[in-house]
Amino acid sequence: MAQGLDVFEERIRTALSEELGAGAAQAQLEIPKQAEHGEFALPCFNLAKARGGNPAVLAAELAAKLRVPEVQAAAAGPFLNFKLDRTALAAAVLQNAGGSDYGRGPGGQTVLLDFSSPNIAKPMHVGHLRSTVIGAALSRIFEHLGHRVVCINHLGDWGSQFGKLVAAWQRWGDEAALEQDPIQHLLDLYVRYHAEEEKDPRLAQEAKRAFQELESGADGEVRRTWKRFTELSLREFDKVYRRLGVHFDFIRGESWYEDKLEDALRWLESRGVLEESEGALIVNLESEGIKTPCLVKTAHGTTLYVTRDIAAARSRLDEFGFDLALYVVGNEQKLHFEQLKAVLRRCGAAWESRMEHVPFGLVRLAEGKLSTREGRVLLLSEVLDRAVELARGIVAEKNPNHPDPERAAEAIGVGAVVFHDLKHQRARDVVFDWKVVLSFEGDTGPYLQYTHARCCAILRKAGRPAPDPRGVDPALLADAGELMAALGRFPMALREAAAKREPMLLAAQLLRIAAAGNAFYRDRRVLGSEAPLEDARLAAIAALRGTLALGLRLLGVPAPEEM
RNA sequence: GCGCCCGUAGCUCAAUCGGACAGAGCAUCGGAUUUCUAAUCCGAGGGCUGGAGGUUCGAGUCCUCCCGGGCGCACCA
């Protein structure tokens, strides 16, 4: 069930292994940087070295001998280039491209994704956007590849910070302010707490006591207050998730593992990895090459973030039996996940190798790092609102007769913000720049949406259903090689994006597809051509539209039919 | 101080397992619309890939050192 260009790649590998032996099937086939070198290329240096020959000679020999159906092999110095027959290329791509199952894979694994995970009582800022959109995109990509995906939102709803928050609420809480804008009020309280904590040491005591009460399980004032904050926060988060089209199978904060903490600690004890140090319980990790010991219980008896993650990992393995668990969490928590995995390893839990931290760079402002406490925040909802507002103006200007301008503006604004995040390699820090985020031209989400909308317009104006792509004459699309090759690489881009946990690879492929598509219909009239040609071009447009729609959906970017 | 990540065009970013002449977008300049949406397309200029060595047939990519930035380094998450 090879799709797109995979068909040809398989043929090339088969021919190579027939000529050079089975090992050659794994030879490094790459995509040439320049289109005139064909669709695939084989650098012959290593092969020649292994066989004791000259790479250029080998390339020439292979070019003469290889027989690959519908593929022409040509030597260019030490490179062996493969150029696909244009008609065969179009025929192969039209076979699947554009369908909702294009690029679908056999999958079969259970993949758990832990992402977004904002902290209760704090607003979602642009930093949360990264985890949310990267995690959500990966979840859809893995799902499309046939895996069973479980998405968990591991809310930060536990920990000593909630002791601080409850203590602050008990001192300065304002019922009316909480009703009016819960997250803002809670944030104010949190900031005020930190400001006054140093002047008044009693605050720290109150906070510590409150968290101890919370963790004791007592169903008193502290717990009721905390629960209320959680519910109010979730309601706010839901609004953002709805706008982003993000869905979780489970919204389970750290508190969900509350009743599993004791068991986790007993387990560590039974494995003999627990040590006491300065009144606290730790796991020494020097044998795992980590100098910093892992602290699992504080001297005053409360658990920590990592304790909850240990409990969560065991619980999730038990419940879902995951083959792969991806934690889409910022770079700065690298050590945390190394420790988590090392602790499990010391306990003999070999399954920790299936857990993987998928880190991403942090978002910074030009003025400096974001800091909730110092009030240097950039609210996610504000970013989305501004993008939508700008889109609203542009829609009104460019398409005053749009049937649903408000909906289009929302799609364009949100799409711009989401795509902007996903087009960068996740590892790198990103500097948030309004000018760039709010740009709708060039390599942007709206550019992809626009291309999609143009295709929709052509298909709409055809006034009839798109022809069955298998019924059109692919020879009439021999001039669409760029577009067909770009579409044909979509399945590969999907697989790479999953393998490297890097949605950018899909985003980049969509940009290449859109660029090829725009060039294609710019120079070739679709409607009004003679019947067989119109059919063929309509089929190409349908494949383009469908692939963009699919790719955008996987990334979480809406694809309106009209802009 | 130790560890990890990053330095590519004026700006934001790509570059497949180490492969061909380091590519896009933005910005600048110049073109394209009686025809399916100009949020588009075509073209031009713009580079000692932070610096110095090394490995290799071949280095933006690997190794060493230096410079610059980010993050982390047990009682936060």
Side-chain angles (χ1 to χ4, degrees), chain A residues 28-34 37 41 43-46 48-49 54-55 76-79 81 117 119 156 158-161 164 254 277-283 290-302 304-306 308-309 329-336 338-339 359 361-362 364 369 391 394-395 397-399 412 416 420 423-425 427-431 433 435-436 439-451 453-462 492 496 500 504-505 508 511-512 514-515 517-519 521-528 537-538 541 562-563:
Chain A
Q28 140 196 36
L29 262 190
E30 42 191 54
I31 299 168
K33 283 180 187 154
Q34 292 171 60
H37 288 147
C44 294
F45 304 96
N46 296 328
K49 189 178 246 174
N54 174 302
F79 290 87
N81 294 326
S117 311
N119 291 327
W158 204 247
S160 55
Q161 55 174 321
K164 296 174 186 176
E254 294 175 51
S277 167
E278 297 169 36
L281 289 179
I282 64 160
V283 179
I290 299 174
K291 285 183 196 147
T292 316
C294 183
L295 187 69
V296 295
K297 197 166 191 179
T298 66
H300 48 272
T302 52
L304 289 114
Y305 181 47
V306 74
R308 274 140 6 224
D309 259 353
V329 181
N331 258 336
E332 68 277 8
Q333 292 193 31
K334 190 168 186 288
L335 178 62
H336 165 75
E338 282 170 356
Q339 287 184 318
L362 46 71
R364 282 178 301 138
K369 196 181 154 183
I394 295 177
V395 172
E397 173 202 328
K398 299 207 181 219
N399 191 351
I412 294 162
H420 171 263
K423 79 172 180 181
H424 299 94
Q425 291 187 118
R428 292 173 65 135
D429 289 355
V430 300
V431 176
D433 181 344
K435 258 206 328 284
V436 179
S439 157
F440 296 169
E441 290 172 17
D443 287 350
T444 65
Y447 170 65
L448 297 178
Q449 294 173 320
Y450 172 75
T451 309
R454 291 281 306 266
C455 291
C456 287
I458 294 174
L459 293 165
R460 198 165 47 236
K461 286 178 182 175
M492 197 179 76
E496 292 276 299
K500 298 199 166 134
M504 182 228 92
L505 295 172
L511 287 171
R512 284 190 282 264
N518 273 300
Y521 60 61
R522 164 74 157 70
D523 300 329
R524 293 167 192 78
R525 179 79 197 174
V526 175
L527 302 177
R537 288 184 174 169
L538 270 176
I541 295 295
E562 185 172 346
M563 296 175 59

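Every heavy atom of this structure was used, including side-chain atoms; hydrogens, water molecules and symmetry mates were not. Proteins come first, then strands; the chains are lettered A, B, ... in the order of their sequence lines, and each starts at number 1.
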> For rC73(B) versus rG7(B), give the span between their C1' atoms, rounded off to a whole number of Å.
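These two C1' atoms come out 24 Å apart once rounded.
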> With distance as the sole criterion, do the side chain of Ser160(A) and the base of rA77(B) form a donor-acceptor contact below 3.5 Å?
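Result: no qualifying N/O pair found.
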> Do the side chains of Ile412(A) and Tyr450(A) get nearer than 4.5 Å, heavy atoms only?
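Of all side-chain heavy-atom pairs linking Ile412(A) with Tyr450(A), none is under 4.5 Å.
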> To the side chain of Ala41(A), which of rA74(B), rA20(B), rA32(B) is closest?
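Among the listed nucleotides, the one closest to the side chain of Ala41(A) is rA20(B).
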> With centres under 5.5 Å and planes under 30° as the test, does His336(A) stack with rA77(B)?
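Base of rA77(B): not stacked against His336(A).
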> Would you indicate, yes or no, if rA74(B) has its OP1 or OP2 atom less than 4.0 angstrom from a side-chain nitrogen or oxygen of Thr292(A)?
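No, Thr292(A) has no side-chain N/O under 4.0 Å of OP1/OP2 on rA74(B).
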> His424(A) side chain: which of rC13(B), rC4(B), rA77(B) is closest?
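So the side chain of His424(A) is nearest to rC13(B).
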> Closest to the Met563(A) side chain: rA77(B), rU37(B), rC75(B)?
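The answer is rU37(B).
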> Name the nucleic acid region contacted by Val296(A), choosing base, sugar-phosphate or nothing; use a 4.0 angstrom heavy-atom cut-off, strictly under.
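Answer is nothing: Val296(A) stays at 4.0 Å or more from every strand.
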> Any base atoms under 4.0 Å from Ala299(A), or only sugar-phosphate, or nothing? Heavy atoms, all strands.
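Ala299(A): base contact, heavy atoms under 4.0 Å.
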> Start at the 5' end of RNA chain B and walk down; is the nucleotide closest to Gly279(A) or to Lys33(A) reached first?
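Final value for this comparison: Lys33(A).
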> Nearest to the side chain of Glu441(A) - rC36(B), rU16(B), rU40(B)?
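It is rU40(B).
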> What's the shortest heavy-atom distance between Asn331(A) and Ala427(A), and which atoms?
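Heavy-atom minimum between the residues: ND2-O, 3.3 Å.
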> Check every strand shown and say whether Leu335(A) touches a base, only sugar-phosphate, or nothing at a heavy-atom separation below 4.0 Å.
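Since only primed, P, OP1 and OP2 atoms lie under 4.0 Å of Leu335(A), the category is sugar-phosphate.
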> Determine yes or no for a side-chain-to-main-chain donor-acceptor pair under 3.5 angstrom, with Asn399(A) supplying the side chain and Met563(A) the backbone.
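Yes.
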> Which residue lies toward the 5' end of RNA chain B, Ala515(A) or Thr298(A), if each is placed at its nearest nucleotide?
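Comparing both residues, the 5'-ward one is Ala515(A).
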> Would you indicate what Gln449(A) reaches in the nucleic acid, counting non-hydrogen atoms under 4.0 angstrom: base, sugar-phosphate, or nothing?
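Gln449(A): no heavy atom of the nucleic acid under 4.0 Å.
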> rA14(B), OP1 or OP2 - any side-chain N/O from Gln425(A) closer than 4.0 Å?
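Yes, Gln425(A) has a side-chain N/O under 4.0 Å of OP1/OP2 on rA14(B).
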> With heavy atoms under 4.0 Å as the rule, sort Lys398(A) into base, sugar-phosphate or nothing.
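Base: the residue Lys398(A), judged by heavy atoms under 4.0 Å, touches a nucleobase.
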> On a plain distance test, is the side chain of Asn81(A) in donor-acceptor contact with the base of rA20(B) below 3.5 Å?
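Present.
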> I want to check one thing: is the phosphate of rG70(B), taken as OP1 and OP2, less than 4.0 Å away from some side-chain N or O of Arg428(A)?
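For Arg428(A), the contact criterion (side-chain N or O under 4.0 Å from OP1 or OP2 of rG70(B)) is not met.
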> Of all the choices, rC36(B), rA39(B), rC4(B), which nucleotide is nearest to the side chain of Phe440(A) once you look at every atom?
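That would be rA39(B).
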> Ignoring backbone atoms, test whether Lys461(A) places a side-chain nitrogen or oxygen under 4.0 Å from the OP1 or OP2 oxygen of rU37(B).
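The answer is yes; a side-chain N or O of Lys461(A) sits under 4.0 Å from OP1 or OP2.
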> Should His37(A) and Phe79(A) be marked as a ring-ring contact (aromatic ring centres under 6.0 Å, His included) after you check the CA-CA gap, both sets of side-chain angles, and the distance that decides it?
CA-CA 9 Å; His37(A) 288 147; Phe79(A) 290 87; 7.5 Å; no
> Classify the nucleic acid contact of Ala453(A) as base, sugar-phosphate or nothing, counting any heavy atom under 4.0 Å across all strands shown.
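Contact class for Ala453(A): base.
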> With a centroid cutoff of 5.5 Å and a plane-angle limit of 30°, would you call Phe79(A) stacked on rA20(B)?
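It does: the two rings, one from Phe79(A) and one from rA20(B), meet the stacking criterion.
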> Say we look at rU64(B) and rC71(B): how far apart would their C1' atoms be, to the nearest angstrom?
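Taking atom C1' in both rU64(B) and rC71(B), they lie 24 Å apart.
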> So what does Gln34(A) touch, heavy atoms closer than 4.0 Å: a base, only the sugar-phosphate, or nothing?
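Answer is base: heavy atoms of Gln34(A) come under 4.0 Å of a base.
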> Strictly below 4.0 Å: does Arg522(A) bring a side-chain N or O up to OP1 or OP2 of rA38(B)?
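For rA38(B), OP1/OP2 do not have a side-chain N/O of Arg522(A) under 4.0 Å.
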> With a 4.5 Å cut-off on side-chain heavy atoms, are Glu338(A) and Ile290(A) touching?
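Counting from C-beta outward, Ile290(A) and Glu338(A) do come under 4.5 Å.
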> NA contact type, Arg537(A), heavy-atom cut-off 4.0 Å: base, sugar-phosphate, or nothing?
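Nothing, no nucleic acid heavy atom in range.
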> Among rC17(B), rG25(B), rC75(B), which nucleotide has an atom closest to any side-chain atom of Asp443(A)?
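Among the listed nucleotides, the one closest to the side chain of Asp443(A) is rG25(B).
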> Has Tyr521(A) got a side-chain N or O lying under 4.0 Å from the OP1 or OP2 atom of rA38(B)?
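No.
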> Mark yes or no for whether Arg522(A), through its side chain, and Arg524(A), through its backbone, hold a donor-acceptor pair below 3.5 Å.
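No; zero donor-acceptor contacts below 3.5 Å.
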> Rounded to the nearest 0.5 Å, how far does CD1 of Ile282(A) lie from OG1 of Thr298(A)?
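One finds 13.5 Å between OG1 of Thr298(A) and CD1 of Ile282(A).
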> With the side chain of Met504(A) defined as its heavy atoms from C-beta on, choose the nearest nucleotide among rA15(B), rC2(B), rG19(B).
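When the side chain of Met504(A) is considered, rA15(B) is the closest of rA15(B), rC2(B), rG19(B).
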> Can Phe45(A) be called stacked on rG58(B) when the rule is centres closer than 5.5 Å and an angle between planes below 30°?
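According to the criterion (under 5.5 Å, under 30°), no, Phe45(A) does not stack.
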> What nucleotide, of rC71(B), rC36(B), rC57(B), holds the atom closest to the side chain of Glu332(A)?
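Shortest atom-to-atom distance from the side chain points to rC71(B).
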> From rC75(B), rA77(B), rG72(B), pick the nucleotide closest to the side chain of Ala280(A)?
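From the listed options, rC75(B) comes nearest.
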> About how many Å separate NE2 of His336(A) and SG of Cys294(A), when rounded to the nearest 0.5 Å?
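Atom-to-atom, Cys294(A):SG and His336(A):NE2 are 8.0 Å apart.
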> Answer with base, sugar-phosphate or nothing: what part of the nucleic acid does Ile541(A) contact at a heavy-atom distance below 4.0 Å?
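Contact class for Ile541(A): none.
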> Could you state the OH-P distance from Tyr447(A) to rU37(B), rounded to the nearest angstrom?
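In whole Å, rU37(B) P and Tyr447(A) OH are 16 Å from each other.
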> In whole Å, what separates the C1' atom of rA14(B) from that of rA74(B)?
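One C1' to the other, the span is 40 Å.
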> From the set rC13(B), rA15(B), rU37(B), return the single nucleotide nearest to any side-chain atom of Tyr450(A).
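Out of rC13(B), rA15(B), rU37(B), the nucleotide with an atom closest to Tyr450(A)'s side chain is rU37(B).
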